[in-house]
Trainee: 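The structure is given below, and queries will be raised subsequently.
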Amino acid sequence: MQIAIASGKGGVGKSSVTASLLYFLKDRYNLIAVDADAEAPNLGLLLGVTEWEEEREHFGAKVARINPEGCVRCGICMERCPYDCIYIDEEGNYVVNELTCEGCNVCGLVCPVTGTITLEEVRSGVIRKATTKYGFPIISAQLDVGRPESGKLVTEEKEWAKKIMEELSLEHMIVDSAAGIGCQVIASLGGADLAILIAEPTPASLSDVQRVYKVVQHFREPAYLIINKADLNPGFTALKEWAESEGIPILGEIPYDRAIPKSMSMLKPVVEAFPDSKAAKALKEIAERIADEIIG
């Protein structure tokens, strides 16, 4: 089974919840974790990963290059660049800023000297593998600054995870999605068997979880909800009402607990660092529901 955990909004505790669920489920199942936030990966940190066993570079992004020998300095490329990423250096040469270039090739099309401006493939990021101290493997990715293809990185992560599952006879893949509803999240949810949504009782979180739920519906996947920091805004009932109206089962509620940020600074899931905390007890109950009612 492939389970995607998503939130739509950053800062609601998705990765910390994922780390704790992995901690509990590892004793019942052979699983692999995938950190599908290539722009800001932190699941490995929460699981205490300090070194990566293997890294694979991902190439595919393209940037423009201007050959100064063929350039006639007409300036058309700089005028027409839709991203304003061409500038003149101290020597009077037209140069492309690689961090902002999107590889659209408008500059190459308008250049009057054929072959002066070319598109070259560059690295988009790196995909990494490690074995956590808990015994299960984790796949993560790091997008290079200013590069596109975050969705392709996540897709490659999952493909690598599938191969490892076959090699090691693993049963389940737990995918920690990025915030938002962009390419990374779409790649995370694509091919999943179900989605577990994390939200907190605030209007902003409700709005964002509703948006990501539309992506889940696009893939026709069943969805479940976990309410984090459930006691911070007791008068806000719209989140539960929305879940009920959509037929989304609520797996549980996690109270606000200062033990969670403390455990994060220790690079441990809260259920390991502070097993008697309120949040840890709630997470244990949620993990048991997932094991009994969803995974089986």
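What's counted below: heavy atoms across the whole structure, side chains too, no hydrogens, waters or symmetry copies.
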Trainee: With hydrophobic residues grouped by side-chain heavy-atom distances under 4.5 Å, do Leu22 and Leu251 end up in a single group?
Mentor: yes
Trainee: Nearest heavy-atom pair of Ile250 and Arg289: which atoms, and what distance?
Mentor: O-NH1, 3.0 Å
Trainee: Taking atom CD as the centre, does Glu91 end up with more than 12 heavy-atom neighbours from other residues, nucleotides or ligands that are less than 6.0 angstrom away?
Mentor: no
Trainee: Using a cut-off of 6.0 Å, state whether more than 12 heavy atoms not belonging to Arg73 lie near its atom CZ.
Mentor: yes
Trainee: Enumerate the salt bridge (Lys or Arg N to Asp or Glu O under 4.0 Å) contacts for residues 255-267, please, sequence neighbours excluded, ordered by first and then second residue.
Mentor: none
Trainee: In Å and rounded to the nearest 0.5 Å, what is the OG to CG distance from Ser188 to Asp176?
Mentor: 8.5 Å
Trainee: Within the supplied structure, the quantity of interest is the number of heavy atoms (other residues, nucleotides, ligands) at a distance under 6.0 Å from Lys229 NZ; does it exceed 12?
Mentor: yes
Trainee: Has Lys129 got more than 12 heavy atoms of other residues, nucleotides or ligands less than 6.0 Å from its NZ?
Mentor: yes
Trainee: Please assess Lys240 against Glu253 for the test salt bridge (charged side-chain N to carboxylate O under 4.0 Å, His left out), listing each intermediate value before the final yes or no.
Mentor: CA-CA 11 Å; Lys240 289 184 179 179; Glu253 301 181 21; 2.8 Å; yes
Trainee: We want to know whether Tyr134 and Glu272 form a side-chain donor-acceptor pair, criterion being a heavy-atom distance below 3.5 angstrom.
Mentor: yes
Trainee: Does any part of the side chain of Glu149, heavy atoms only, come nearer than 4.5 Å to the side chain of Glu156, both counted from C-beta?
Mentor: no
Trainee: Does a side chain donor of either Gln2 or Lys162 reach within less than 3.5 Å of an acceptor in the other side chain?
Mentor: no
Trainee: List in chain and number order the residues that pass side chain to side chain donor-acceptor pair (under 3.5 Å) with Glu39, two or more places apart in sequence or in another chain; answer none if no residue qualifies.
Mentor: none
Trainee: How about NZ on Lys62, more than 12 heavy atoms from neighbouring residues, nucleotides or ligands closer than 6.0 Å, or not?
Mentor: no
Trainee: If we count only N and O atoms by modelled type, under 3.5 Å, do the side chains of Gln184 and Ser177 hold a donor and an acceptor together?
Mentor: no
Trainee: In sequence, state the C-alpha distance, the side-chain angles, and the governing distance for Glu157 and Ser140, and then conclude on side chain to side chain donor-acceptor pair (under 3.5 Å).
Mentor: CA-CA 7 Å; Glu157 281 186 84; Ser140 182; 5.0 Å; no
Trainee: Mark yes when over 12 heavy atoms from residues, nucleotides or ligands other than Lys26 sit less than 6.0 Å from its NZ; otherwise mark no.
Mentor: yes
Trainee: Is the shortest heavy-atom distance from the side chain of Glu90 to the side chain of Ile88 under 4.5 Å?
Mentor: no
Trainee: Using a distance-only test with no angle check, is there a side-chain donor-acceptor pair under 3.5 angstrom linking Ser15 and Asn42?
Mentor: yes
Trainee: Donor-acceptor pair, distance only, cut-off 3.5 Å: does the side chain of Ser16 make one with the backbone of Gly13?
Mentor: yes
Trainee: Nearest 0.5 Å, please: how far is CD in Glu57 from CD in Glu55?
Mentor: 8.5 Å
Trainee: Around atom CD of Glu51, are there more than 12 heavy atoms from other residues, nucleotides or ligands closer than 6.0 Å?
Mentor: no
Trainee: Before accepting this row, confirm whether a basic side-chain N of the pair Lys281/Asp276 lies closer than 4.0 Å to the acidic partner's carboxylate O.
Mentor: no
Trainee: Would you say Glu288 has more than 12 foreign heavy atoms packed within less than 6.0 Å of its CD?
Mentor: yes
Trainee: Linking I/L/V/M/F/W/Y whenever their side-chain heavy atoms sit closer than 4.5 Å, directly or via other members, would Leu283 and Met266 fall into one cluster?
Mentor: yes
